[in-house]
Amino acid sequence: MFRRTALAAGLTALLAGPAAAQTQITIQHPLPLNSHYGAGATALKEAFERAAGNRYRVVIQRNDNEREAIESVQIGTIECVITSTGPVGNFVPDTRNLDVPFLFRDSAHARGVLDGPIGQEMLGRFNARGLAGVAWMENGFRHLTNSRREVNNPADIRGLKVRTMENQVHMRAFSTLGALPTPMAFSELVPALQQGTVDGQENPIPVIVANNLNQVQRFLTLTSHVYSPAVLICNPAMLARMSAADRTAFQEAARAGVAANRARVTADEESGVEELRRRGMTVVTTVNTAAFQEALAPAFAEYERTLNAALLRRIRDWQPN
Ligand code: EAX
C-alpha cells in the first residue's frame, strides 16, 4: 500500500515538473506584530499571497532600528520596510517637510495630502536614493511622555531630556522649547528611559500602548505636536524583477495594507488613552496648543528658510475636494 502511494506521489511530482519556487519577500518593521504596523504588513501579506497564487511568500520580521532596516532595503538584504519618517529624511531629504510640527490639522488632512499629488510626488523622490517609495502608511499624531513631571505648557518642557527620532526637524523643535533632545533609534529607547539617560520621549498612542511605555513613563500629555507618517519602502530591483501583473498586485496589496494600518491607528487612538490611564499613567488631555505653536515660532522661521517653504504652504493650504 505505502509503496503504491509513494509511487503515485513520485509520478505526480514528476509530471508537475520542478516545484514552483516561491519567491520570499521580507518586510521588516520596528513594532510588535500586534500593532498598527503589524496590521498593515499582515493585510499586505494576505492580499499579495492570495493574488499571486502562493508564488510569493511574505515574511514579516521585527527590526526596531528603522535606519538599519532602510539601509538593508537599499543594499537588498531585505525587500521592504515599514518605517516612520523619523530617519527617512537622512535618505530622502524632501520628506523632512512632512515632519514639521503642527503642519497637519488632523488625520484627514494628512491622509488626504499623502494620498494626493503631494504625497505621490514625494514617493517618486525615493528612486534617486536607490529606494522605492511604495505607499504612505501611518504612525499617528505624536504626544509627549516623561517620568519627571506633568507637562501642561511649553515652560514645563524646559530642561527635560527628551528622546527624539534621528530627525533634525524634531530635534530643532525640542531644543527651541528648551528641552535637551537626544536622537536615538527606537531599539535604544526603553533601556534609555529605564536608566534615566533620558526623562521622556514622544510617540503616537498606538506606539505607547503596543510597547507598554507606561511601564517606564508616568506622565502623558496629549500634545499632538506633530503628525508622524509611516512609509512602505521596497528595494527597486525586487519590484523590477516582478512581472507587470505581480507589480500591480503588489501595489494593490499595499493599498490593503494602508487601509488596515490606518484603521488600526484610528482604533488604538480611540481606546488607547483610557487604556494608558487604566495602566496607571497620569494623562493631561487639555493642552494649550497655541502656546506651543508660539513657543516654536523661531523653529518655524528656520524651517521656512531651510526646508521647502512653497511645499509647506501647499500642504497647509490643502483642502479636501
Ligand atoms: O515607527 O522611533 C520612533 O519613535 C517611531 O515612532 C517608532 O519606531 C515607530
Side-chain angles (χ1 to χ4, degrees), residues 27-41 60-73 80-92 95-96 98-101 104 107 110 114 133 135-146 160-171 173-174 179 181-194 197-217 220-233 257-258 260-262 264-265 268-269 272 276:
I27 303 181
Q28 289 189 345
H29 68 87
L31 301 176
L33 193 58
N34 182 12
S35 68
H36 51 306
Y37 287 2
I60 302 169
Q61 294 173 345
R62 182 171 185 179
N63 177 350
D64 49 10
N65 187 317
E66 294 177 323
R67 180 176 34 73
E68 263 177 26
I70 299 168
E71 286 161 356
S72 302
V73 170
C80 300
V81 58
I82 298 172
T83 171
S84 72
T85 50
V88 175
N90 306 319
F91 298 85
V92 185
T95 60
R96 289 185 179 130
L98 301 174
D99 297 324
V100 169
F104 294 102
S107 300
L114 294 174
W136 290 107
M137 291 196 176
E138 185 167 84
N139 198 10
F141 279 93
R142 302 178 79 91
H143 307 288
L144 181 74
T145 68
N146 84 92
L160 279 183
K161 291 178 286 181
V162 175
R163 176 266 177 178
T164 67
M165 296 190 287
E166 297 153 302
N167 185 293
Q168 297 165 11
V169 177
H170 291 183
M171 291 166 66
F174 279 98
T182 307
M184 62 179 79
F186 193 68
S187 50
E188 300 161 54
L189 176 57
V190 171
L193 291 168
Q194 283 167 332
T197 317
V198 289
D199 305 312
Q201 65 90 46
E202 40 86 59
N203 249 298
I205 296 295
V207 173
I208 300 170
V209 171
N211 292 278
N212 304 310
L213 295 182
N214 50 284
Q215 292 172 352
V216 282
Q217 295 279 268
L220 164 65
T221 302
L222 299 183
T223 46
S224 298
H225 54 275
V226 67
Y227 174 79
S228 188
V231 56
L232 172 67
I233 306 171
V258 169
N261 154 259
R262 288 177 179 173
R264 179 62 187 263
V265 171
D268 287 357
E269 286 183 341
L276 291 168

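Counting starts at 1 for both ligands and their atoms, in listed order.
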[X] N/O to ligand 1 N/O under 3.5 Å:
X: Thr83; answer: no
X: Tyr37; answer: yes
X: Asn203; answer: yes

Starting from atom 2 (O) of ligand 1, what is the nearest protein heavy atom, named by residue and atom, and what distance separates them?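 Going by distance alone, atom 2 (O) of ligand 1 is nearest to Arg163 NH2, 2.9 Å.
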Which residue holds the protein heavy atom closest to atom 1 (O) of ligand 1, what is that atom called, and what is the gap in Å?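 That would be Glu66 OE2, 2.6 Å.
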Taking atom CG as the centre, does Asn212 end up with more than 12 heavy-atom neighbours from other residues, nucleotides or ligands that are less than 6.0 angstrom away? yes
Counting only heavy atoms not in Gln168, do more than 12 fall under 6.0 Å of its CD? no
Report yes or no: does His36 contribute a side-chain atom to a donor-acceptor pair with the main-chain N or O of Asn261 at less than 3.5 Å?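 No, because the side chain of His36 does not come within donor-acceptor range (under 3.5 Å) of the backbone of Asn261.
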Look only at the side chain of Thr223 and the backbone of Leu144, and say whether a donor-acceptor pair between them is shorter than 3.5 Å.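 Here the side-chain-to-backbone pair exists.
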Applying a heavy-atom cut-off of 4.0 Å, say which part of [X] lies close to ligand 1: side chain, backbone, both or neither.
X: Arg142; value: side chain
X: Asp64; value: neither
X: Ser84; value: both

Under 3.5 Å, is there a donor-acceptor pair linking the side chains of Asp99 and Asn167? yes
Do you see a donor-acceptor pair shorter than 3.5 Å between the side chains of Gln201 and Asn203?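 Checked: Gln201/Asn203 side chains pair up, N/O donor to acceptor below 3.5 Å.
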Answer yes or no for Ser228: is there a heavy-atom contact with ligand 1 below 4.0 Å?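 Distance cut 4.0 Å: Ser228 fails for ligand 1.
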What's the verdict on side chain to side chain contact (heavy atoms under 4.5 Å, CB included) for Phe186 and Leu31, showing C-alpha distance, side-chain angles and the deciding distance? CA-CA 9 Å; Phe186 193 68; Leu31 301 176; 3.9 Å; yes
I'd like the name of whichever of Met165, Gln201, Glu188 reaches closest to atom 3 (C) of ligand 1 through any heavy atom. Met165
